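Here the structure comes first, spelled out in C-alpha cells, and everything after it is commentary.
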Amino acid sequence: MDKNELYQEVLLQYSKRPKNFGPMECATHAADGHNALCGDEISLALKIENGSLSDARFTGSACAICTASASLMTGEVKGLSCDAVKKLAHDFREMARTGSGDGLPPRIQVLDRIHLFPQRVKCAVLPWETLLSAMEHEVGGK
Amino acid sequence: MDKNELYQEVLLQYSKRPKNFGPMECATHAADGHNALCGDEISLALKIENGSLSDARFTGSACAICTASASLMTGEVKGLSCDAVKKLAHDFREMARTGSGDGLPPRIQVLDRIHLFPQRVKCAVLPWETLLSAMEHEVGGK
Amino acid sequence: MDIPTIREQFPFLGEKVNSHDLIYLDNAASSQKPDRVIRRMSRFLESEYANVHRGIHLLSERATDAYESARREVAGLIHARDESEIIFTRGTTEAVNLVMNTWGRKHIKAGDTILLTEMEHHANLLPWQHLAREVGARIEYVPILENGTSLDLEIAATLLSKKPKLFAFVHVPNTLGLENPAKELCRLARDQGITTFMDAAQSVGHQEVDVQEIGCDFLACSAHKMCGPSGIGALWGRSELLATMPPFLYGGEMVDRAFYDKPAIYRDSPARFEAGTPPILEAAGWGEAIRFLREVGLENIQSHSAALANLASQRLRAIEGLHIFGPEKRASGIVTFSMEGVHAHDVAFFANERGLALRAGHHCAQPLMRKLGSPASSRASFYLYNTEAEVDALIAILREAVSFFR
Amino acid sequence: MDIPTIREQFPFLGEKVNSHDLIYLDNAASSQKPDRVIRRMSRFLESEYANVHRGIHLLSERATDAYESARREVAGLIHARDESEIIFTRGTTEAVNLVMNTWGRKHIKAGDTILLTEMEHHANLLPWQHLAREVGARIEYVPILENGTSLDLEIAATLLSKKPKLFAFVHVPNTLGLENPAKELCRLARDQGITTFMDAAQSVGHQEVDVQEIGCDFLACSAHKMCGPSGIGALWGRSELLATMPPFLYGGEMVDRAFYDKPAIYRDSPARFEAGTPPILEAAGWGEAIRFLREVGLENIQSHSAALANLASQRLRAIEGLHIFGPEKRASGIVTFSMEGVHAHDVAFFANERGLALRAGHHCAQPLMRKLGSPASSRASFYLYNTEAEVDALIAILREAVSFFR
Ligand SMILES: Cc1ncc(COP(=O)(O)O)c(C=O)c1O
Ligand SMILES: Cc1ncc(COP(=O)(O)O)c(C=O)c1O
C-alpha cells in the first residue's frame, strides 16, 4: 500500500464500524471535544473507578480519521489506570507529530502516518485531548 | 520661460516681498487657514465697512505659492464689495482647477499655470478659502 | 463570455495536484487572481510605490493617483454617489466592525433592537452580538424557511415593523446559493426609518450591485473575493451618515490638527476613517481587478457562475444520501451539501488528492449550519474561470468518495 | 555591505524624473521593495494563493504555510518567545489601536495616567488621547530637551515614579534622528510595575530589536517601512498579557463557537485578534523582506543609514540658515531640518523637479514640530540602498534652492 495513502483499509474499517460508539449510562466523567476548523465533534463518556478507566464510549459526528482514532482509543484505554492513560495520550500525540509510535500498542500504530498529513493531525488527536479533558470533569451530581 | 516652470520670476517676487503682510489693528473680521498636508498656515485679517472690504492683511508661514497668492489677493480685493469678492474667489478657484482665468484681473493670472501642478492647487487656493471664511467671522467684541 | 480566454489569464490553473489538474471550487472563501492584476501590482511596486497623500514627489504622486483611482473604481462598481463615500478597510470584517464601533456605538442604546438574519456569516453576526451585549441591546433574527430556501419575508416584515434601530443582512450568503431581496428589504426598513447595513462580500464583483437602486445605507465588501488582492476591502456609507460618525482608528492622516493638551480635530470621510498607512499596493491591484471584471461583464459572470452551480446541484441530487442546502434553483455560484455517512472533512481531503479544492466545515456560519442540522458540510463555489468539465469532475470524485467511505 | 549589489535589486531605481535619476530619501514614510519581494508576491499569487486556515486543499495549505512562516519570521526578527505572540495587523497604527481598545479599555480607568513622550507620531498619540478622554484618564508627556536632542530622562524617571498605568513611547522617532534608551526606560517602568508599549515602526527592520533584551510588554511595527508590502504589520505582546485581553475585531476565524442566542467563545492569540481574511499575500511578501534584511544584516543596515544621515547633517549645517532638529550625532537614518526663508513645501517641490524625493510637512508629529517652532519642515531619510553620491546631490539641490528662493 502506498505510504502516502492516508485512508488505509484497516483505518476505514474502524471509522465505518466504530467500536464503543454510542451513549453510556452512569458515566462518571465526560467531556466534549470539537475541531472548529473542520467540524469534528465528539462527546466522550468514561467510567472511572478506583483510579482506573473501566469503560469509555463516544458519540458525535466526526471524520474518518477522528472516528477511527476514537474507536481505537476507547478500545485501548479500558482497564488502564489513569496514569497509564495519560502516558498513552502523551505518546500518541508524539506519534501524531513525528511518526514514531514506539511503545504504543500496535493496533494504534495504524495511525502512524498521520504526521505526513499535518492538517489531519488534529483529527487524530482530538479524541485523546477530549479524553484528558474528560478525566478532569466529573459528571455533575456524582 | 518654460510653461512647465512653476516658480515664475514675478511670482517669486510676490513671495519674497509679500504685499499686505503683517498684523492689522482694528480688524473687523478674521480667520486662520491651514493646509495640514504640507504645513501652510496663514491668518487673514479684514476690515469690512458698509459691505465692502476696506482693508485685508495676512500673516503666517506658508510656501511661495501660498504667500504669492495671498499677496496678490489682498492687493486685489481691497475696495471691492463683499459680493464682488465672492465672485472673484469663485473665479480664482475655477482658474486654479482648469487654467482658465478669463475675467480675473491680469495680475492674478500669473497663477494660471497652477492647474498643471495638482498638488500645489491647494496652496494657491488656501488664501481665498481663508478669505471667504474670514468674511463670515466677525472679530469678537465688535 | 469566452471561458478558455478567461482561463488563459489565470496562472494558478497551471498548478497540478498529484499530477491532476487543479480544480478550484473554493471561490466563496477567496478567488484567484488574473495575470493582469498580478502584473499591475508588480509594476506598481517597481515604479509607482511610495506612501500616499503626504508626499510632494513623483512616486508619492503616482501612488496617490493609483490609490484614489481605485477609490473611484469601487465607487463606480457599486454606483456610489461620491467617491468620498468609499472607505478602504482590510475587508468586509473590518468594515462591519467599523460601523459597529462608530455608527453603532453612537446610535444603539440599552433596550434597542438590532435585526439580523439567521443566515449571517460570523463577520456580520459577532460584531453586532458584541455591541448588543455591551450596551444592553437585543438581537433578533429574521428566520430562514425550511432547509434555508429563503428568508421568511413575512416575519421579516413583522420584525421590521417593530422598528429595530438597525437591520444588518447578507446580500448573498456564502452558504445557501440564494440572493436575498435586498431592495424589498431595504424598502421595508426605510419605510420604518430603520438604518440598513448590507454584507455584500459575496455579491459585489459577482453581479451588478447598485446601492442607489437597492437603497441600503451601508455596504461592505472584500477585494479578495473578486479577483483582487487580500488586505483590502471597502465600506460604503451614505455621506449623510458618514458625516455624523466619530472616527474608528486614530493615527496619522485621519487628523487635521493634533495637540498635546487639546482634543484633536479630525478630517472628513474618507480620510477620517483611514488612519495610518493604508493598503496602497492593494488598492492598485483591486482597481485593476475591477476593470477586469467590468470588461468581462458582471452579468456574464453572474449567469455563468449560477449556471454551473445549477448544473452541479442537479447532478449532485442524483447521488444517494446527498443533501443540498438552500433553494432548488441557485442564484449564486454556491452549492453547500452534506453526504450521509461521509464526513465533509474526509470529502475535502479525498477531493484534494484528486486535484479538487472544496471547502469543508461550518463556513463561518456556525449557528446557521447547526440549525440546518449539519455542523460540518461541503461547499463547491463557482466563479468566472470554472467550467462544465469541472462540474463533471466534481460529480465523479464525489461518487468515488461515496463508494470509498460508505 | 555591497551597496551597488543591493541597488541592483531595487527596480524603482530605474525611474527618472525630468531625466534626472530618482533619489529616494523618503524612507521614513515608506521604503521601496527589492525585486525578490516583488517576485515572491507574484509567485505566491500565481501558485500558492487561497484563503488560509480553513481550507483542506493544496492552495490553502500553501497559503497557510506562507502566512504562518511569515509569523515565525517576524517572531524571529524581534526575538519573541513564541510565534503566537505575533498578531498581524494592517500596520503600526492598527496595532496601537488594538492595544488601546483591548488592554487599554480593560485596565485604564478614570483618574489613571497614561505616560507618553513629546516626540510621538500621531499613531502613538491620538489613540491614547482618545482613550483618556473617553474614560477620564490623564495623559502626561516626558518632555524633550531643547531642540529635541533627547528625552529628558530625569523627568522621565520622576513621571514613571508616579506610577502611570501605561508608558507608551517611540523607540526611534520619525523626526529627530535619535534612538530612545528603550531598555533603560523599560527597566524604570518595570520597577514600578508599569506596562510598556513601544512604537517600533522606525526601528524594526532598520536595526537589531530584541524585545527580551529591551524588556517592553508590547511592540508595534509595519512591513512597508522595511522593504515589505503595505497592508501588513504586527503587534507583539507578552503572552501573559495577550491571554487576558478581550478581542478587538469580531468575525470569522477569531471565534471557536458562535450561537444565535449565547455569547460566542473566542479562540486564543493570535487567532483571537485576527478576525476575517487576513493580509495573506502581504505576509508572504513580508516574510521574504525579512529574510532579505537578515541576509544583508541589520547592523550593517543601521550603520549605513546612520552614516549617511551623519554625513548629510554635517554638510547641511554648513548651509546658512539651515537648522537641524535632534542631536548632533544621528542614531538613525533620519535628518529633519528647516531653512530660513524657504518653506519646506517649496523645497520638496523644487527637489522633486530634480529627481530628489524629500518629505515636507509635520511628519505626523504636529505637537512636536509645533514645540520645535517649525510647523513645516523638510526631512531626508536614508536606508540601505542610499549612497554618498545621493548625499552630494541632496546638498547641491538644497544650495540651489536657497539661492532660488531667498
Ligand atoms: C457573506 C460573507 N460575509 C463576510 C465575509 C468576511 O469577509 P472577509 O473575510 O474578507 O472580511 C465573508 C467571507 O468570508 C462572507 O462570505
Ligand atoms: C514612529 C512611527 N510610528 C507610527 C507610524 C505609523 O505607521 P503606519 O502608518 O504603518 O501604521 C509611523 C509611520 O508613519 C512612524 O514613523
Side-chain angles (χ1 to χ4, degrees), chain C residues 11-12 15 17 26 29-30 32-33 38 42 45-47 49-51 54-59 90-91 93-94 97 122-123 125-127 129-130 133 141 222 224 229-231 249-252 255 258-260 263-264 275-277 279-282 345 348-349 352 357 359-361 364 366-367, chain D residues 11-12 15 17 26 29-30 32-33 38 42 45-47 49-51 54-59 90-91 93-94 97 122-123 125-127 129-130 133 141 222 224 229-231 249-252 255 258-260 263-264 275-277 279-282 345 348-349 352 357 359-361 364 366-367:
Chain C
F12 85 97
E15 294 304 294
V17 193
D26 194 17
S30 199
Q32 297 295 332
K33 323 304 171 201
I38 301 172
S42 301
L45 288 181
E46 282 163 11
S47 57
Y49 179 79
N51 214 325
R54 282 169 274 174
I56 310 168
H57 56 77
L58 182 78
L59 294 181
R90 180 168 41 244
T93 303
E94 193 189 6
N97 280 274
H122 291 165
L125 173 70
L126 300 177
Q129 287 187 342
H130 170 73
R133 221 161 25 254
Y141 300 91
S222 302
H224 71 92
S230 57
L249 304 183
Y250 297 83
V255 71
F259 308 92
Y260 288 134
T277 302
I280 305 169
L281 164 68
E282 293 80 352
H345 203 177
F349 191 89
N352 179 56
R359 185 133 298 232
C364 288
Q366 284 182 12
Chain D
F12 86 97
E15 293 304 296
V17 192
D26 194 18
S30 199
Q32 297 295 334
K33 323 305 171 200
I38 301 171
S42 301
L45 288 181
E46 284 163 10
S47 57
Y49 179 79
N51 215 326
R54 282 169 273 174
I56 310 166
H57 55 77
L58 182 79
L59 294 181
R90 179 168 42 243
T93 303
E94 192 189 7
N97 281 275
H122 292 164
L125 173 69
L126 300 177
Q129 287 187 342
H130 171 73
R133 222 164 21 257
Y141 299 91
S222 302
H224 70 92
S230 57
L249 304 183
Y250 297 82
V255 70
F259 308 93
Y260 288 133
T277 302
I280 304 168
L281 164 68
E282 293 81 352
H345 203 176
F349 192 89
N352 179 57
R359 183 133 301 229
C364 287
Q366 285 183 11

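Reminder, nothing fancy here: chain letters follow the sequence lines and each chain counts from 1. Being a predicted model, the structure only gives us computed values, none of them experimental.
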What's the spacing between [X] [atom1] and [Y] [atom2] if we round to 0.5 Å?
X	Y	atom1	atom2	result
C/Asp26	D/Leu58	CG	CG	12.0 Å
C/Ser230	D/Leu281	OG	CG	4.5 Å
C/His57	D/Arg359	NE2	CZ	5.0 Å

Given heavy-atom pairs under 4.5 angstrom as the criterion, report whether the side chain, backbone, both or neither of [X] touches chain D.
X	result
C/Glu15	side chain
C/Tyr260	both
C/Arg133	side chain

Minimum heavy-atom separation for [X] and [Y], please, with both atom names.
X	Y	answer
D/Ser42	C/Ser42	OG-OG, 2.8 Å
D/Glu282	C/Gly231	OE2-CA, 3.6 Å
D/Thr93	C/Gly251	CG2-CA, 4.1 Å
C/Arg90	D/Pro279	CD-CD, 3.9 Å
C/Tyr49	D/Ser30	OH-OG, 2.5 Å
D/Pro367	C/Ala258	CG-O, 3.6 Å

query = Quick one: are D/Gln129 and C/Pro263 in side-chain contact, heavy atoms under 4.5 Å?
reply = no
Can you find a heavy atom in the side chain of D/Ile280 that is under 4.5 Å from one in the side chain of C/His224? no
Checked C/Gln32, C/His130, C/Lys33 vs chain D; the most non-hydrogen pairs under 4.5 Å come from C/His130
Greatest number of non-hydrogen atom pairs under 4.5 angstrom with chain D, of C/Pro11, C/Pro229, C/Gly361, C/Ala264, falls to C/Pro11
When the 4.5 angstrom heavy-atom criterion is applied to D/Phe12 and chain C, the contacting part is both
Turns out that what part of D/Glu46 lies under 4.5 Å from chain C's heavy atoms comes down to both
Is there a donor-acceptor pair under 3.5 Å between the side chain of D/Asn97 and the backbone N or O of C/Leu249?
no
Interface check, chain C: of D/Pro127, D/Gly91, D/Ala123, most non-hydrogen pairs under 4.5 Å belong to D/Pro127
